[in-house]
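Okay, so here's the structure we're looking at.
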2 protein chains.
Amino acid sequence: MAIKKDPAAGTPASGRRAPGRRAGDHGRYGRLSRERVLATALELVDREGLSALSMRRTGAELGVEAMALYRYAAGKDALLDGLVEALYTQLEEQLAASAEAPDWRDELHRIAAATYRVALDHPHVAPLLATRMLAVPLARRPLAVLRDHERILALLKRAGLDEEATVMAFRAVTGWVLGYVLGDLRAMVDNPDEPEPAFRLGLHRMPARELPCLRAAAPTLARPGAPEGLAAGLDALLDRFVPGTGPATG
Amino acid sequence: MAIKKDPAAGTPASGRRAPGRRAGDHGRYGRLSRERVLATALELVDREGLSALSMRRTGAELGVEAMALYRYAAGKDALLDGLVEALYTQLEEQLAASAEAPDWRDELHRIAAATYRVALDHPHVAPLLATRMLAVPLARRPLAVLRDHERILALLKRAGLDEEATVMAFRAVTGWVLGYVLGDLRAMVDNPDEPEPAFRLGLHRMPARELPCLRAAAPTLARPGAPEGLAAGLDALLDRFVPGTGPATG
DNA sequence: AAGTGTACATATACGTCGTAAACGTATGGT
DNA sequence: ACCATACGTTTACGACGTATATGTACACTT
């Protein structure tokens with residue numbers, strides 16, 4: 001210990017701190033912050049899966065005791081919500097990286113595709129998109145999540161839908177994107193070391209007599225659906241839930 | 001407690017036993033069995049939520065030590081998979097309760113509706129439908145799950161699709177059903193004791209300037225989508241993914 | 001320069017968790 | 001009468017979430 005603080009570390013009110021620089025860190029690598037905590041947790045989950053995430057482990061990754069995290073996340077559940085927030089923040093960055101589409105329909109496609117990309121980039125976090133939404137009520141969701149909802153609702157309104165129809169379409173769009181993403185993340189491979197496809201999938205475990213279609217379909221099923229399937233379904237749903245936008249070829 | 005064994009249950013030495021009743025239960029309520037374990041776990045989760053489920057707690061509900069469960073489920077994960085299995089088993093019971101539809105499309109609707117009902121009947125278990133599928137590879141899923149997949153694939157094949165198109169449509173159907181169900185299970189109410197709808201939803205927590213559409217839509221959003229929305233979306237997707245079945249009016 | 005409040009991180013402790021390993025004990029077959 | 005087997009218990013260990021109490025170093029007074 002006893003790495004002493006640098007007197008040039010800056011005034012606390014101004015909040016100045018150089019990255020990798022120690023200020024009031026008791027001799028550690030740098031001050032903690034919500035951002036740093038969430039980034040570390042995300043990294044840990046990406047690397048080792050959700051079950052590896054614990055307060056103690058996350059603290060250790062930061063060179064800090066577990067209890068120190070409680071200043072930046074009220075508890076473990078809040079940490080999980082933080083991961084969801086981190087994902088939606090990445091989504092917003094992705095959306096900001098390319099230009100907004102002028103057409104509402106194209107813009108919905110752009111959002112869906114970006115969501116798909118972000119979710120597949122963090123497969124271990126994606127299940128939280130389903131589970132945490134069931135645990136935390138709308139008004140308490142991270143702001144980044146609410147902004148995503150707002151974007152979609154606004155686009156549908158712009159398409160000319162009234163309140164009721166907007167909500168219907170919203171349900172369709174969000175449900176579809178979530179379901180499709182989760183579907184593409186489903187585990188298929190049983191034995192990764194096996195070169196032979198059928199063995200890789202563990203098809204010998206499935207009773208052939210009872211499950212002929214499934215066994216036949218499994219290899220095709222094992223290839224991810226890709227964003228094309230997502231877009232196709234989205235179009236199908238929009239055709240139905242946004243009247244007057246005729247089937248596709250317009 | 002401490003209900004002792006019935007002396008009429010059979011003399012231990014002679015081994016005489018009533019039909020359907022086994023001895024060897026150490027003076028407890030009855031032998032353990034996988035069915036009994038899963039039923040108890042399901043009941044516990046329905047009553048107190050997923051986080052209340054632990055090996056010890058489940059054992060206690062059965063009047064048994066936690067380790068006793070390991071004979072019927074290899075570990076906690078296997079217990080969770082058992083819950084998924086239990087839900088799909090209920091689905092099969094529901095499907096068996098009414099007649100199979102002659103038309104493949106109607107039958108898909110029947111399956112979707114039954115899935116929706118079962119999931120909403122066990123809201124605390126439903127998230128497992130998303131998460132466990134990511135953890136356990138296709139070939140290792142409970143048989144009831146695989147049979148569900150088989151049913152859907154067979155119906156789509158019957159609709160005249162080739163292998164590739166079948167899988168596309170399968171992805172669409174299952175993704176949609178899952179996403180829609182999870183969407184309908186999302187928590188909306190923030191303060192259940194509050195009579196005023198806006199306060200109930202906690203809308204005052206949401207920045208009005210930044211989220212106008214969401215605030216306006218929230219009350220409508222709070223009403224569940226109902227099976228009608230599920231059916232509408234399903235039709236939309238089938239129209240797209242099963243060619244030659246034209247929009248609706250056939 | 002000394003003192004003080006506050007923000008931040010640690011230390012300690014408690015109860016619960018999943019589960020490995022070893023151990024009874026009753027049962028059914030011989 | 002004996003034994004193998006099936007079934008449940010006991011004991012133990014390390015990891016977990018987190019309440020509470022305890023430092024410790026900074027910025028701001030005075």
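These numbers come from the heavy atoms of this one structure, side chains and all, not from hydrogens, waters or symmetry mates.
- Taking the six-membered ring where the residue is Trp, A:Tyr180 and A:Tyr116 present tilted rings, their angle falling between 30° and 60°.
- A donor-acceptor contact shorter than 3.5 Å is absent between the side chain of A:Arg132 and the backbone of A:Val84.
- Between the side chain of B:Arg56 and the backbone N or O of B:Glu65, no donor-acceptor pair lies under 3.5 Å.
- For DNA chain C, no neighbouring residue in residues 41-49 of chain A is found when judged by any heavy atom under 4.0 Å.
- Here the P atom of nucleotide C:dC8 and the CZ atom of A:Arg34 are 14 Å apart, to the nearest Å.
- One N or O on the side chain of B:Glu150 and one on the backbone of A:Cys213 form a donor-acceptor pair closer than 3.5 Å.
- OP1 or OP2 of D:dC16 has not a single side-chain nitrogen or oxygen of A:Arg57 nearer than 4.0 Å.
- Put simply, A:Arg31 has a side-chain N or O that comes within less than 4.0 Å of OP1 or OP2 on C:dC8.
- With sequence neighbours excluded, the residues that form a side chain to side chain donor-acceptor pair (under 3.5 Å) with B:Arg205 are B:Asp190.
- The distance from atom CD of A:Glu65 to atom P of D:dT18 is 16 Å, rounded to the nearest whole Å.
- Between B:Glu48 and B:His124, the side chains place no donor N or O within less than 3.5 Å of an acceptor N or O (distance only, hydrogens not considered).
- Taking NE2 of A:His149 as the start and OH of A:Tyr88 as the end, the distance is 5.0 Å to the nearest 0.5 Å.
- Between A:Ser54 and the phosphate of D:dA15, there is no side-chain N or O to OP1/OP2 separation shorter than 4.0 Å.
- Taking a 4.0 Å limit (strictly below) on heavy-atom distances, residues 71-83 of chain A reaches DNA chain C at A:Arg71, A:Tyr72.
- Straight-line distance from the CZ atom of A:Arg56 to the C1' atom of C:dT10: 13 Å, rounded to whole Å.
- The number of heavy-atom neighbours closer than 6.0 Å to CZ of A:Arg209, taken from other residues, nucleotides and ligands shown, is 12 or below.
- For the pair B:Tyr70 OH and C:dT19 P, the computed distance is 4 Å after rounding to whole Å.
- Between the side chain of B:Arg141 and the backbone N or O of B:Val136, at least one donor-acceptor pair lies under 3.5 Å.
- Rounded to whole Å, the distance from CE on B:Met67 to C1' on C:dC17 is 13 Å.
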